[in-house]
Every structure is written in C-alpha cells, then in structure tokens.
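Read through the structure below, which is laid out as structure tokens, and then see the notes.
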Amino acid sequence: MRKIMGYVLGLVATLGAAGAIATTANADGSSADADSGSGSGAASAASNVAPAMGSSASESGVTDAGSSDAGSTSVVIRTWIHHPRVVVRRRVAKEKIMRADAKMRGHDHYYDGDRIIRFKKGEKGSEVILRNREGREIEHFRIRRSGRFEIKLSKREARELRKGGKYFTFTVHEKGYRPYTVRYVLYK
C-alpha cells in the first residue's frame, strides 16, 4: 500500500510540475504543442544562453525570462495522506443487575440507638457503605464470609446513623453486579 501511495505521489508531483511549466510557457507567449514538447524549454534556453555569449539582455533584445521561469518552476506541491485509525475494541464485561431475592438485606429490625446491625444474604468480598438519611457516610466495610453477619458501631456512629430521619441506607458493591442501595428502617 505504501509503495502504491509513493508511486501516486510521484506521478502527482510530476504532473503538477509539468502543468506549472506549461502555464509559464503560455504566459511567456510561446506555444506549447504536443508535437514540439513544451515550448518554454526553448525560450528559457535561449534567454539563458544570450547573456552567456557576452552580450547583455538589453543589447540582444531578449528579455531575461530565465529568472522569472526559475522562480515559477519551483512549485511546492503538498499532499495530505490520511492514514486510517486502528480502533481496538475491548470486551467490557457488562455488570448484571442483582435479582431482588438475592440482594443483601437487614436480618432483624434495627431499633433507634442500637449499636449492633444484623444483615443476611451477604456475599464474601462485597463492600458495604452505610449512610444516614442525609447521605453522609458512616461506615465502610468488606464482608468476610457469606451468609448472615453483624457489625458493631461505636456510640458516635450509632448517633450519626439515626440523624436525619426514620431510615438509613446501605450500598452494596458486589463483583460482577451493579451496585445497589437498600433502605433500612429505624424502629423506635
């Protein structure tokens, strides 16, 4: 593919230079025919030879078109090559939604001021975040074994947990599943 693009670019550069030469030849007044090749070659050769013979351009009556031809024949052609992007697609494991009957929940009623909270249906390795009703994080822990378990809060954490209303929430982050939040009611 690169070799083909190189050939194409070389051809485009050659055609562009030939077009510039033909344009300057027609601008000088000489004709550029297919039979005679490009007429500017003869005109520029004559103008370049005349001063070299010892006569000046004004004496011979030939205008110095060589300097204008030399400036106009140096045509800069810019070509832009567009390389296609390679996009690597990775398989992203979609997180499943936990079934309602498999979600972790509170085991017993939680009474206002208790320092022990009991949970059931916990999965080993899951992370749990306890928040009060205002959304402030109270406790963050990882479940050590599957099944029923309990956590013990400090007095300050229990006081913070009951602030702001009649319930608190806990968010469970389990591997392979979308995080879910469960509301736990405070009983008086």
Side-chain angles (χ1 to χ4, degrees), residues 1-21 23 71-188:
M1 184 68 183
R2 287 186 180 176
K3 284 184 178 181
I4 293 171
M5 288 303 291
Y7 294 139
V8 169
L9 289 176
L11 181 63
V12 168
T14 305
L15 291 175
I21 292 172
T23 305
S72 64
T73 56
S74 61
V75 177
V76 177
I77 298 174
R78 292 185 180 166
T79 56
W80 299 95
I81 301 173
H82 178 55
H83 296 287
R85 267 190 212 176
V86 177
V87 178
V88 178
R89 296 189 181 209
R90 296 184 190 121
R91 284 194 168 179
V92 177
K94 292 185 178 180
E95 295 178 333
K96 297 182 275 185
I97 297 174
M98 178 75 73
R99 292 188 337 250
D101 61 338
K103 288 183 181 180
M104 191 176 97
R105 61 193 70 199
H107 178 62
D108 291 329
H109 293 303
Y110 176 74
Y111 291 97
D112 191 12
D114 280 351
R115 293 178 55 194
I116 295 176
I117 304 174
R118 292 179 179 85
F119 296 99
K120 63 181 177 180
K121 296 189 178 182
E123 287 295 321
K124 182 179 180 178
S126 300
E127 291 184 27
V128 180
I129 303 170
L130 288 175
R131 290 190 171 98
N132 63 5
R133 187 170 176 189
E134 297 169 348
R136 185 172 172 195
E137 184 178 322
I138 305 300
E139 181 75 26
H140 184 99
F141 60 93
R142 185 179 295 272
I143 300 174
R144 293 184 184 162
R145 64 172 195 234
S146 298
R148 293 182 183 180
F149 66 96
E150 60 184 39
I151 61 163
K152 187 171 184 179
L153 303 173
S154 67
K155 288 181 182 180
R156 186 179 62 81
E157 288 173 340
R159 190 171 49 248
E160 288 289 322
L161 192 62
R162 68 178 179 209
K163 271 188 183 176
K166 300 179 180 179
Y167 66 89
F168 66 91
T169 60
F170 59 92
T171 304
V172 181
H173 296 271
E174 195 169 324
K175 186 177 181 181
Y177 290 95
R178 192 177 297 172
Y180 59 91
T181 302
V182 180
R183 185 183 284 191
Y184 206 148
V185 179
L186 289 169
Y187 286 94
K188 297 242 178 194

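Heavy-atom basis, side chains included; hydrogens, waters and symmetry copies ignored. Computed from a predicted model, the values in this text were never measured in an experiment. We count residues from 1, following the sequence as given.
- For the pair Ile151/Leu130, a side-chain contact is recorded, criterion being any heavy-atom separation below 4.5 Å from C-beta on.
- Residue pairs that meet the ring-ring contact (aromatic ring centres under 6.0 Å, His included) test with at least one member in residues 139-163, sequence neighbours left out, are Phe119-Phe149.
- Considering only residues two or more places apart in sequence or on other chains, Tyr187 meets the side-chain hydrogen bond (donor to acceptor under 3.5 Å, both in side chains) condition with His109.
- Evaluation of the salt bridge (charged side-chain N to carboxylate O under 4.0 Å, His left out) rule for Glu157 yields no partner, not counting sequence neighbours.
- Within the 3.5 Å criterion, the main-chain N or O of Arg115 finds no donor-acceptor partner in the side chain of Lys155.
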Could you give the side-chain donor-acceptor pairs of residues 161-170 under 3.5 Å, partners two or more places apart or in another chain?
unit_1 : atom_1 : unit_2 : atom_2 : d
Lys163 : NZ     : Glu160 : OE2    : 3.3

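- For the atom pair CG of Leu9 and CD1 of Ile4, the computed distance is 12.0 Å after rounding to the nearest 0.5 Å.
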Please tabulate, for side-chain N and O atoms in residues 172-182, each donor-acceptor pair with protein atoms closer than 3.5 Å (sequence neighbours left out).
unit_1 : atom_1 : unit_2 : atom_2 : d
Tyr180 : OH     : Met104 : N      : 2.9
Thr181 : OG1    : Thr171 : OG1    : 3.2

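- Counting only residues at least two apart or in different chains, salt bridge (Lys or Arg N to Asp or Glu O under 4.0 Å) contacts with residues 122-135 comprise Glu127-Arg142.
- In this structure, Lys103 NZ and Ile97 CD1 are separated by 8.5 Å, a value rounded to the nearest 0.5 Å.
- No side-chain heavy atom of Arg118 sits under 4.5 Å from any side-chain heavy atom of Arg148.
- To the nearest 0.5 angstrom, Leu186 atom CG is 9.5 Å from Tyr184 atom OH.
- Judged as a side-chain contact (heavy atoms from CB on, under 4.5 Å), and not counting sequence neighbours, the contacts of Ala102 are Met98, Arg99.
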